[in-house]
Amino acid sequence: MTNAPVTEAELQAYVDGRLPPEREIAVATWLAERPEEAMRVSFYRAQRDALRAATAPVAEEPLPPELDLLLRARPRPAWFGRAMIAAGMTTLFLAGGGTGWALRDWSTPPNAGTAALAREAAASYTVYANDSQRPVELAAGQQRELDGWFSQRLSRPVRAPDLRPAGLQLIGGRLVATDHGPAGLYLYRDAAGSRVALYVRPMQTEGTDRMKRREAGNVRGWTWADNGLGFGVFGTFSGDRLHNTADMVRAQFRVT
């Protein structure tokens, strides 16, 4: 069983901590060799935690008197039952609406929209930003060629934004293959050598989406989509610095 293929059901059980010890070790080893799958599992965990956080206030509420068996044994007037049913339906309606609104950012499955883009961008950052030998295919000195290559493959005009006001210098970029077609990856670095990735690709769904904060382990970022083009800015900087960098990228692409 240890060498059996890892299934989607096992990945779900792994997230919930329901695997036998030997399979948990096997799945963890399998994920360690597959960064993109590990990133997907990280987003599953984030979804789980968001659901728990959203429902925690209800779960922690004291037992209503109406559910006390001793109180229920007492006779009630006929109107009381009808009133309790109406009140219960109202409570469920309000709770359902509130929970749905609280979880609106998690409604998109992790294999679609900007949620998928976030997973891809974070995985690409993990693989290429840490590559000391060849993090990019075309260096910053070939930016015109790099921009033209991305524009041609993405079928949209793309240009590396100038992030020098944020203390970031362009290293270069590379084309990345995804389940949704090619994506462009620009890499930048600051004076200390820390790197930031700008990930961009056309969107099949959620062609326009507001900025959303993303996090997977020590990799953080922001995603958004404008007019059919999706963006992700990822790195290990503080949230404020990454957010400011993402704002700068978004402003320049709007001008473009």
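- Within the 4.5 Å cutoff, side-chain heavy atoms of V196 are placed close to those of F237.
- In this structure, P5 and E10 have side chains that are not in contact, with every pair of non-hydrogen atoms separated by 4.5 Å or more.
- A donor-acceptor contact under 3.5 angstrom links the side chains of D209 and T114, judged on distance only.
- The heavy-atom pair separating M248 from D162 by the smallest distance is SD-O, 4.0 Å.
- Residues E215 and V219 fail the side-chain proximity criterion, which asks for heavy atoms closer than 4.5 Å.
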- request: Test Y125 against T236 for side-chain contact (heavy atoms from CB on, under 4.5 Å), laying out the working first.
  value: CA-CA 10 Å; Y125 176 88; T236 55; 3.9 Å; yes
task: Check the pair F150 / Y186 against ring-ring contact (aromatic ring centres under 6.0 Å, His included), numbers first and verdict last.
output: CA-CA 10 Å; F150 283 1; Y186 290 108; 4.9 Å; yes
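- More than 12 heavy-atom neighbours from other residues, nucleotides or ligands sit within 6.0 angstrom of CZ on R156.
- Counting non-hydrogen atoms of other residues, nucleotides and ligands closer than 6.0 Å to CZ of R34 gives a total above 12.
- For the residue pair Q169/Y188, the side-chain donor-acceptor check at 3.5 Å is not satisfied.
- The residues D131 and R174 are annotated as not salt-bridged, no charged nitrogen and carboxylate oxygen being separated by less than 4.0 angstrom.
- S194 places no side-chain N or O within 3.5 Å of a backbone atom of D190 that could act as its donor or acceptor partner.
- Counting heavy atoms from C-beta on, the side chains of P182 and V176 never come closer than 4.5 Å.
- Within the 4.5 Å cutoff, side-chain heavy atoms of V6 are placed close to those of L11.
- Smallest separation of non-hydrogen atoms from S124 and Y199: OG-CE1, 3.7 Å.
- By the 6.0 Å contact criterion, CG on N227 is open, its count of non-hydrogen atoms from other residues, nucleotides or ligands being 12 or less.
- In this structure, H243 and W222 have parallel ring planes: the angle between them is below the 30° cut-off, well short of the 60° mark.
- The closest side-chain donor-acceptor pair between T223 and R213, if any, does not fall under 3.5 angstrom.
- Other residues, nucleotides and ligands contribute at most 12 non-hydrogen atoms within 6.0 Å of the CD atom of Q152.
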task: List the steps and the verdict of side-chain contact (heavy atoms from CB on, under 4.5 Å) for R214 and R220.
output: CA-CA 6 Å; R214 309 286 185 174; R220 294 176 289 274; over 6 Å; no
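- Side-chain contact between L170 and L163: absent, with no pair of heavy atoms (C-beta onward) separated by less than 4.5 Å.
- The heavy-atom pair separating M211 from R250 by the smallest distance is CG-NH1, 3.5 Å.
- Heavy atoms of other residues, nucleotides or ligands lying less than 6.0 angstrom from CZ of R189 number 12 at most.
- Scanning both residues, L117 and R201, for their nearest heavy atoms gives N-NH2, 3.7 Å.
- Contact check for R210 versus K212: side-chain heavy atoms found under the 4.5 Å cut-off.
- Closest heavy-atom contact between M203 and G230: CG-N, 3.4 Å.
- Residues W149 and L154 fail the side-chain proximity criterion, which asks for heavy atoms closer than 4.5 Å.
- Closest non-hydrogen pair, A225 versus E206, comes out as CB-O, 3.3 Å.
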task: Show your reasoning for whether ring-ring contact (aromatic ring centres under 6.0 Å, His included) applies to F253 and F231.
output: CA-CA 10 Å; F253 266 94; F231 302 85; 4.7 Å; yes
